Structures are given as C-alpha cells and as structure tokens.
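Within every chain, numbering begins at 1; the chains are lettered A, B, ... in the order of the sequence lines, protein sequences first and strands thereafter. As the structure is a computational prediction, the values presented were derived from the model and not from experiment. Hydrogens, waters and symmetry mates are skipped; everything else that's a heavy atom, side chains included, is used.
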Amino acid sequence: MSKVATRFAPSPTGPLHIGGVRTALFNWLYSKNQKGTFHLRIEDTDKERSKNEFKVQIIKSLKWIGIEHDGDEYIQSTKINDHINVANELLKNGNAYKCYCSNEEIEEQKIRAKQKKQPYMYNRKCRELNEKNVAKDINSVVRFKSKIEGSSTLKDLVQGNVEIENITIEDFIILRNDGTPTYNLSASVDDHQMNMTHIIRGDDHKINTFKQIQIYLAMKWKLPSFAHIPLIHTIEGKKLSKRDNASTLDDYSKIGIMPDALRNYLLRLGWSYKDKEIFTLEESIQYFNLEGIGKSPSKLDISRILSMNEHYIKTIDEKELYKHLTKYCEIYKEKINSDKEKKIKPSLGFLKNKAKTLEDIYNNSKYIIFDEVNFNQEDLKLVDDKAKKIISNFSNKVSKLDNLSKKVLEPIVNDLIKLNETNFKGVGQPLRIALTGSKFGPGVYDIIISLGKEEVIKRLGDKILS
RNA sequence: GGUCCCAUCGUCUAUCGGUUAGGACAGCUGGUUUUCAUCCUGCAAAGGGGGGUUCGAUUCCCCCUGGGACCGCCA
C-alpha cells in the first residue's frame, strides 16, 4: 500500500470560504492520521479571474487555522503542457476527437433543448467524423470520447457505491478551441502526476469524478480512492457560496474567533467521533477517519461557533490568550500599549469570564486600554449627589492605602454602605460608572485592583464629581 | 426537465435490529452573585408519510413526500 497523499485544490478566484476550509481540513487530517502527506494545488488556469492576492490569502487562511501543506504549492498553470500532451495522447489512442461544431450551433441546440424542456447534451455529431472532409481553417475543440454503453460505479468512501448510466455523461471538452486544457483534464493529469491516493472533495464534484475516472482509465493510470463530502449549507439550506456573508475565514477572525475554536467547530460539522465535542489539534489527527463523515449536508450555526470559541477562551493558557488578544487588537482594533499589558494580563482571569470572542475581551478591557473614560450618558445620570459624596469619600480612603486588595477594600465599602444607609449596589454602581463609564462590567473590586491606586483616584476625582 | 445524493430534538450529532432514543449548542426554569456575566439545578425538545422483511424496526428493502447538488470552451 502506497503512502497516503491528499490534496486541496482551490482556484484563486476569491477568498477562501468556510466550506473550502473544511474540505482542506478533512484532507489534511486524513493524511496526517494516515502518516501521509498533504499537498496544495493552486488551480489558476482561469487567467481572467485568478489573482495572486487570492492565492496569498488562501495560503494565509490555511496557515491561520493550523493547516500547512507538505512541499511546495503546485501551480497548475505551469503544467499546462503536460495536460495538452495527455490530450494529444488521448487523441492518438482514439479516446478523444476533434469537434468542429460552431459555437452558434451549440448555442442553438441549448436553446432548443430548453424549449423542449429537455436536458442539453452535446449530440456527439463529430464523434465519428472523417477528418479529411473538414476544412483545415476551422477551429476545433477536443472532446473526450465518453462511454456510451453500460454503467459506471464509483466506490465512494463516504457515500458508498454510486452507479450511473454512462450515456448520461456527455463527450466533455478537454481542450478549448484556443488549445488550452479544461478543468477535468487538468485535474486528473495533475492528480495522477502528484501521485494522489485519496481525492476528498465536495459533493458538487461527483459528476466530475465520473469524467475524471474515464480519463484515468483511458490512460491506464492507477485510480485513486474518492470521497465526496456533503456540502455545508447556509441556514436557509442552500449551498454556501462566496457571496454569502460570514462565509470567509476573515469574517470570523475579525469578530475575534480563535483558529482552534473554528477548527474544532469545522471538524464536528459533518463529522463525529462518539460523543466527543472538544478535540485538540493532536486529538483531531488521532481520531479523524472517513467513516465518521456523515452523509447529509449540515447547516452553519454561528451560535455554536461562538460557544466553541467561548470554551477555548475559558480553557486555554492565559499567556496564549493574551497573545491572541494582542494580535487581534493590532489587526482589527488598535495596538495595545505595552504599559497597559501590565494591567490587562493579570486581569484576564475575570475579563475572559464574560467573553465569547476576543472582541468581547477587547470591549471589556476598554476601561484599561483608554485613559479617557467614555461615559454612557444614561448611566451617568445614575450618579446623583449622594453618589458623588460616596465616590469622593471612597477616593479619600483609597488615597490612604498602600496597596489595593479585596481584603482592604471590602471594609471601606461596607463602612460606606452603613454610613449612607444603602446596599452594595448603592456604592458599587456609582464607583463602577465613575471608573469605567458603564454600570455593566466586571466586579468593582476587580476593576479597582486592575486599574491601580493612582488611576483610581484620578478617575474618582474632579471630573466625575463636578 | 434529466442524473445523482440526502432525511433523528430549532442546530450539530450518537445509535451500527431489542435503549425510558443519548450528548452538545441554542431556548426556558430555579439557585449562587453588587450589576452584566460566569458557575451550578432542572425543564422542554426528534427518527417525514405509507408499505413490506422480522418475534421485534429510527436502524434493512420498496414507494411517496420533502430538501439538496450537478447539468459552462469556470474551477
């Protein structure tokens, strides 16, 4: 048995979307589980739409989520001559033929088929054409001589045996009239040359697989195994496309989803291992298999992504979390000054409590990050004269303290509660508003300690009291 | 329209002929809590319909229904 080799073959015509990421993930996971290799092939033969920036973006996205390919990326456009050679060979051994039907002719047939509500399929007119009767100056395309009789069975590793009548597959074009190869030719030649053992791709490629298998067979190449995974649907139940919002990786990273969380979510979308929900990277490699892939399409559910992210925020090492946070803020918000690091880092323990995303942590830390308190005007109205008195009183007492801790702060607060004949809220709320600008937020003791004495006194000073 | 695929709580799924159909997310209760949360209790929630096969079907087979994918000189 040869060593397992898989590939992910995106075309760089747009940003990588989440369905593609999952396909890449499954390929990568399977190869790593089998101690094989995973390759990246850039299918950039559509010169009009392929952009280098998308190629860069795709590689970056994969890396972000933890997928790295073995070896150099395989650039399809550099292999076009190989594809053309195979087409010529196919022509020579009678498995392909030149088709001289004009574009207009084909278009007309398509329209007629539509009118009759019949499926269009090329009528194989040129299949048995005598070359000598054709004028030399007419452009031709090359079509593959697809099987007409019998049926073919695809032994799909996910879907089981899929059988179709050969007649339903048309004589597809392998070389355009400008001499360039089309997808099905290029893909099969490349997969063969790259020695791929397992082709794992979306369900939408199933018909292509039947075509590509015929090319393999005609060239007497060793057939790889195929696995077609169900597509990811939108919440409306339609195929996910690049046009859907929240479909690219960037859409998730910009709201503060961490790569491990998304990886874990994607892994469990359409795949399962018993009742296990949380998989470390190592575990996902260890447990991944093709048998665990479900047969039905699954819908993307943002609340699960969020809760998975929340789980990772709560469980990963705080140093790691801080790294993620600073990187996130640097890219999507503003850079956190290093002097703020001293205050945020030790506060992560309570900041992360109320966060589902890195963005939430950022928002929760705003009172530390910004020197100016941004007051919520509604909340500010809650600070009445009595509250101001409490604030100033509290400030005085804090100024006499050497160090801040819950132990020393608690008696002060309790005294104020008694003195003003109020409850904890009566003291805690004005303080929180004065310090953070909002009545919502972390516990007052946490806020006070995280800010430090100097900053607390500054914020409880004239500005709030006037 | 043709070809193919799919079908368990709202969502992701477990079950590989015998279960009170399990878990997770979301939802809703209650408790802890100075707010918002966290955390902990609990509740509700499912095998599309009809035929078979079988002592027994969510599970196997057929039909219907519903959903989806593909049908480019794009990849």
Expressed in whole Å, how much space separates the [atom1] atoms belonging to [N] and [M]?
{"N": "B:G18", "M": "B:U59", "atom1": "P", "answer": "11 Å"}
{"N": "B:U41", "M": "B:C28", "atom1": "C1'", "answer": "13 Å"}
{"N": "B:G2", "M": "B:A44", "atom1": "C1'", "answer": "45 Å"}
{"N": "B:C63", "M": "B:C5", "atom1": "P", "answer": "12 Å"}
{"N": "B:A7", "M": "B:G49", "atom1": "P", "answer": "15 Å"}
{"N": "B:C62", "M": "B:G23", "atom1": "C1'", "answer": "33 Å"}
{"N": "B:A57", "M": "B:G50", "atom1": "P", "answer": "14 Å"}
{"N": "B:U11", "M": "B:A45", "atom1": "P", "answer": "16 Å"}

Using a cut-off of 4.0 Å on non-hydrogen atoms, how would the nucleic acid contact of [X] be classed: base, sugar-phosphate, or nothing?
{"X": "A:Pro10", "value": "nothing"}
{"X": "A:His228", "value": "nothing"}
{"X": "A:Lys206", "value": "sugar-phosphate"}
{"X": "A:Gln76", "value": "sugar-phosphate"}
{"X": "A:Val162", "value": "sugar-phosphate"}
{"X": "A:Leu231", "value": "sugar-phosphate"}
{"X": "A:Asp46", "value": "sugar-phosphate"}
{"X": "A:Gln159", "value": "sugar-phosphate"}
{"X": "A:Asn208", "value": "base"}
{"X": "A:Glu165", "value": "nothing"}
{"X": "A:Gly237", "value": "sugar-phosphate"}
{"X": "A:Lys314", "value": "sugar-phosphate"}
{"X": "A:Gly426", "value": "nothing"}
{"X": "A:Ser186", "value": "nothing"}

Determine whether the side chains of A:Asp191 and A:Ser188 contain a donor N or O and an acceptor N or O closer than 3.5 Å.
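Short answer, no.
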Under 3.5 Å for both donor-acceptor distances, Watson-Crick or wobble: does [N] have a partner, and if so which one?
{"N": "B:A14", "value": "none"}
{"N": "B:G42", "value": "B:C28"}
{"N": "B:C73", "value": "none"}
{"N": "B:A7", "value": "B:U65"}

Which nucleotide in [options] has an atom nearest any side-chain atom of [X]:
{"X": "A:Ile207", "options": "B:A26, B:C12, B:C70", "answer": "B:C70"}
{"X": "A:Lys238", "options": "B:G68, B:A75, B:U34", "answer": "B:G68"}
{"X": "A:Ser307", "options": "B:G68, B:C4, B:A26", "answer": "B:A26"}
{"X": "A:Pro297", "options": "B:A26, B:C6, B:U34", "answer": "B:C6"}
{"X": "A:Tyr120", "options": "B:G23, B:U34, B:G72", "answer": "B:G72"}
{"X": "A:Thr182", "options": "B:A75, B:U35, B:G23", "answer": "B:A75"}
{"X": "A:Asp301", "options": "B:U13, B:U11, B:C6", "answer": "B:U11"}
{"X": "A:Asn177", "options": "B:U34, B:A26, B:C73", "answer": "B:C73"}

Take A:Arg268 and A:Glu277 through the test salt bridge (charged side-chain N to carboxylate O under 4.0 Å, His left out) and record every step on the way to the result.
CA-CA 7 Å; A:Arg268 281 286 288 103; A:Glu277 300 282 351; 3.4 Å; yes
Between [X] and [N], is there a contact of a side-chain N or O with OP1 or OP2 at under 4.0 Å?
{"X": "A:Thr45", "N": "B:A75", "result": "yes"}
{"X": "A:Ser298", "N": "B:U13", "result": "yes"}
{"X": "A:Lys110", "N": "B:C73", "result": "yes"}
{"X": "A:Ser272", "N": "B:A14", "result": "yes"}
{"X": "A:Lys239", "N": "B:C70", "result": "yes"}

Round to the nearest Å and state the distance from [X] atom [atom1] to [N] atom [atom2].
{"X": "A:Phe279", "N": "B:A24", "atom1": "CZ", "atom2": "C1'", "value": "12 Å"}
{"X": "A:Leu185", "N": "B:C73", "atom1": "CG", "atom2": "P", "value": "14 Å"}
{"X": "A:Leu266", "N": "B:C12", "atom1": "CG", "atom2": "P", "value": "14 Å"}
{"X": "A:Gln109", "N": "B:C73", "atom1": "CD", "atom2": "P", "value": "12 Å"}
{"X": "A:Arg432", "N": "B:U33", "atom1": "CZ", "atom2": "C1'", "value": "11 Å"}
{"X": "A:Leu306", "N": "B:A37", "atom1": "CG", "atom2": "P", "value": "15 Å"}
{"X": "A:Asp203", "N": "B:G67", "atom1": "CG", "atom2": "P", "value": "18 Å"}

Lys/Arg-Asp/Glu bridge criterion (N-O < 4.0 Å) met for [X], [Y]:
{"X": "A:Asp171", "Y": "A:Lys145", "value": "no"}
{"X": "A:Asp190", "Y": "A:Lys79", "value": "no"}
{"X": "A:Asp260", "Y": "A:Arg263", "value": "yes"}

Which is more 5' along RNA chain B, the nucleotide nearest A:Glu170 or the one nearest A:Leu300? Just name the residue.
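Going by which nucleotide is closer to the 5' end, it is A:Leu300.
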Given RNA chain B, 5'-ward residue of the pair A:Ile164 and A:Gly428, judged by closest heavy atom
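Mapping each residue to its closest nucleotide by heavy atoms, the 5'-most match is A:Ile164.
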Quick one: does A:Asp204 reach the base of B:C70 with a side-chain donor-acceptor pair under 3.5 Å?
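No, the side chain and the base share no sub-3.5 Å donor-acceptor pair.
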Could you check whether the side chain of A:Arg304 and the base of B:A24 have a donor-acceptor pair of N or O atoms closer than 3.5 Å, going by distance alone?
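Donor-acceptor pair under 3.5 Å: yes.
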Can you see whether A:Tyr100 has A:Lys98 sitting over its ring - NZ or CZ less than 6.0 Å from the centre and within 45° of the normal?
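Geometry flag: not set, cation outside 6.0 Å or 45°.
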Row check, A:Tyr122 ring normal vs A:Arg124 NZ/CZ: under 6.0 Å, within 45°:
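Judged by the rule, A:Arg124 and A:Tyr122 form no cation-pi pair.
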Verdict with supporting geometry, A:Gln159 and A:Asp203, side-chain hydrogen bond (donor to acceptor under 3.5 Å, both in side chains)
CA-CA 10 Å; A:Gln159 311 206 343; A:Asp203 220 354; 3.0 Å; yes
A:Glu421 atom CD, over 12 foreign heavy atoms within 6.0 Å:
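Count not over threshold, so no.
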Classify the ring geometry of A:Phe279 against A:Tyr273: parallel below 30°, tilted from 30° to 60°, perpendicular beyond 60°.
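Perpendicular: the ring planes of A:Phe279 and A:Tyr273 meet at over 60°.
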Is the glycosidic angle of B:G51 within 90° of 0, making it syn, or outside that range, making it anti?
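Because its glycosidic torsion lies more than 90° from 0, B:G51 adopts the anti conformation.
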